[in-house]
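Below: the structure, in structure tokens.
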Amino acid sequence: MPEWSNWSGSVRANPSEVARPASEAELQSVVAGAAARARKVRVVGTGHSFVPLCATDGVLISLDNLQGLVSVNPGQSTATFWAGTKIWQMGEPLLARGFALSNQGDIDTQAIAGAVSTATHGTGPALANLSSMLTAVRLVLADGSVVDVSLDSDPEMFSAVRVSMGALGVLSQVTMRVLPAFRLYERSWAEPFEACMERLHERIAANRHFEFWWAPPIDMCAAKTLNPTTEEIGIRDTEPPAGLLKRYINPERVDWSYRIFPSERNNLFNEIEFSVPAGNGPACVRELHQMMKTAYPDVLWPIEYRTVAADDAFLSPHYARPSVTISLHQAAGLPHEQFFASAQAVFANHGGRPHWGKWQSWSADRLRDLYPEWDRFTAVRLRLDPRGRFMNPFLERVLVG
Ligand SMILES: Cc1cc2nc3c(=O)[nH]c(=O)nc-3n(C[C@H](O)[C@H](O)[C@H](O)COP(=O)(O)OP(=O)(O)OC[C@H]3O[C@@H](n4cnc5c(N)ncnc54)[C@H](O)[C@@H]3O)c2cc1C
């Protein structure tokens, strides 16, 4: 049996087979064939989730042969991509047609379908997560049939499928709202934690994108702003940053948005991230800062602090509330469970909802109270996949309980 593992190596599985369909019709026949043999089905993007979302002993489907731009509709400012397209493959073809994604996360290696399915996000108080950019999807259902889903065609199904972790079916195509292509001016700098906290509200309000990383061993932050500009592409300041924060501080520069958003993450780690109501962000990060200094002084990895606008996907962690997301990290291979469990307890004090792709130990019994539209999501799931063809033990835990 083939062996599969996620990016950080924390999840391993032995699917009975790995299918790489090269057309939508082939994808439909893989799903229908699995149903005929009573096999479970999971779909994987790039395997960058830290939890066993993609683990299965049934059929694991990769859409690495279903990639690329399908079409752009300039009148509606939308672009349709094959669902297996990696985010890094989207920027150039969009720019060639004068468009760009409105926001991206820290890296661009995820498949677009994998990213939207866990509500992956960047930073910016007026910018919602990637699933909110969807205007329509094509979804292969448990029996192998395919449906086009949009807010107009089936609002209930659309609001459920946007953040659905592959539990409703396999996305074959995604259509996303895009913006006219834009350049970003990036500035980043280091400053003490308290100085960063003092000016937090002001900086979030004054910039399209603001985020900071706090480095525990030196109690310093790397802060970053990105703002649209019409200036020429280029590097403004080449002075190399020093010390521990080096990897979070780029030279001041201007470039097309899709080249500015992603960073390189070459060292493997595991991660926990929760979204808290935006107003709770400062108190929550202060409590985590204190927790790391007193109880986990050996953890060298930073805390990341970002903002996300509210949206209306049933299972979005940012559902109906402007949010702050806070993430903590530990090197892959080092124990992280106790550290993350302590952080999770802090997040619970501040109304936190976990990132669907990152470490958390809660089950549906607890999660359902955090999501006002939980029952509507469940009704769609049971309508589309009554036999649980797309479930695995992790989804049983977080979606059923
Ligand atoms: C280094 C690193 C940096 C990260 N940075 C960020 C960040 O800045 N912001 C953030 O929010 N998150 C971030 N994450 C988390 C990451 O974006 C999510 O876990 C994302 O879901 C991973 O995308 P993937 O393509 O690897 O999906 P996978 O992990 O492979 O899958 C994620 C989910 O999507 C489902 N899925 C995949 N393809 C399909 C499909 N075609 N149809 C239906 N369901 C599908 C899978 O079944 C699974 O449930 C980061 C993770 C890493 C490792």
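Only this structure's heavy atoms are used, side chains among them; waters, hydrogens and symmetry mates stay out. Counting starts at 1 for both ligands and their atoms, in listed order.
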Look at the aromatic rings of Tyr296 and Phe339 and report parallel, tilted or perpendicular, splitting at 30° and 60°.
tilted

Would you please name every residue forming a side-chain hydrogen bond (donor to acceptor under 3.5 Å, both in side chains) with Asn349, sequence neighbours left out?
Glu287

For Tyr185, which of Arg208, Glu252, Glu231 qualifies under side-chain hydrogen bond (donor to acceptor under 3.5 Å, both in side chains)?
Glu252

Please name all residues satisfying salt bridge (Lys or Arg N to Asp or Glu O under 4.0 Å) with Asp108, sequence neighbours left out, ordered by chain then number.
none

Heavy-atom contacts under 4.0 Å to ligand 1, chain-then-number order, include exactly Trp7, Arg42, Val43, Val44, Gly45, Thr46, Gly47, His48, Ser49, Phe50, Leu53, Cys54, Leu63, Ala83, Gly105, Asp106, Ile107, Gln110, Ala111, Ala113, Gly114, Ala115, Ser117, Thr118, Thr120, His121, Met165, Gly166, Gly169, Val170, Leu171, Arg265, Phe269, Arg306, His355, Gly357, Lys358

Can you name the residues that form a side-chain hydrogen bond (donor to acceptor under 3.5 Å, both in side chains) with Arg203, not counting sequence neighbours?
Glu191

Among Arg162, His318, His355, side-chain hydrogen bond (donor to acceptor under 3.5 Å, both in side chains) partner for Asn129:
His318

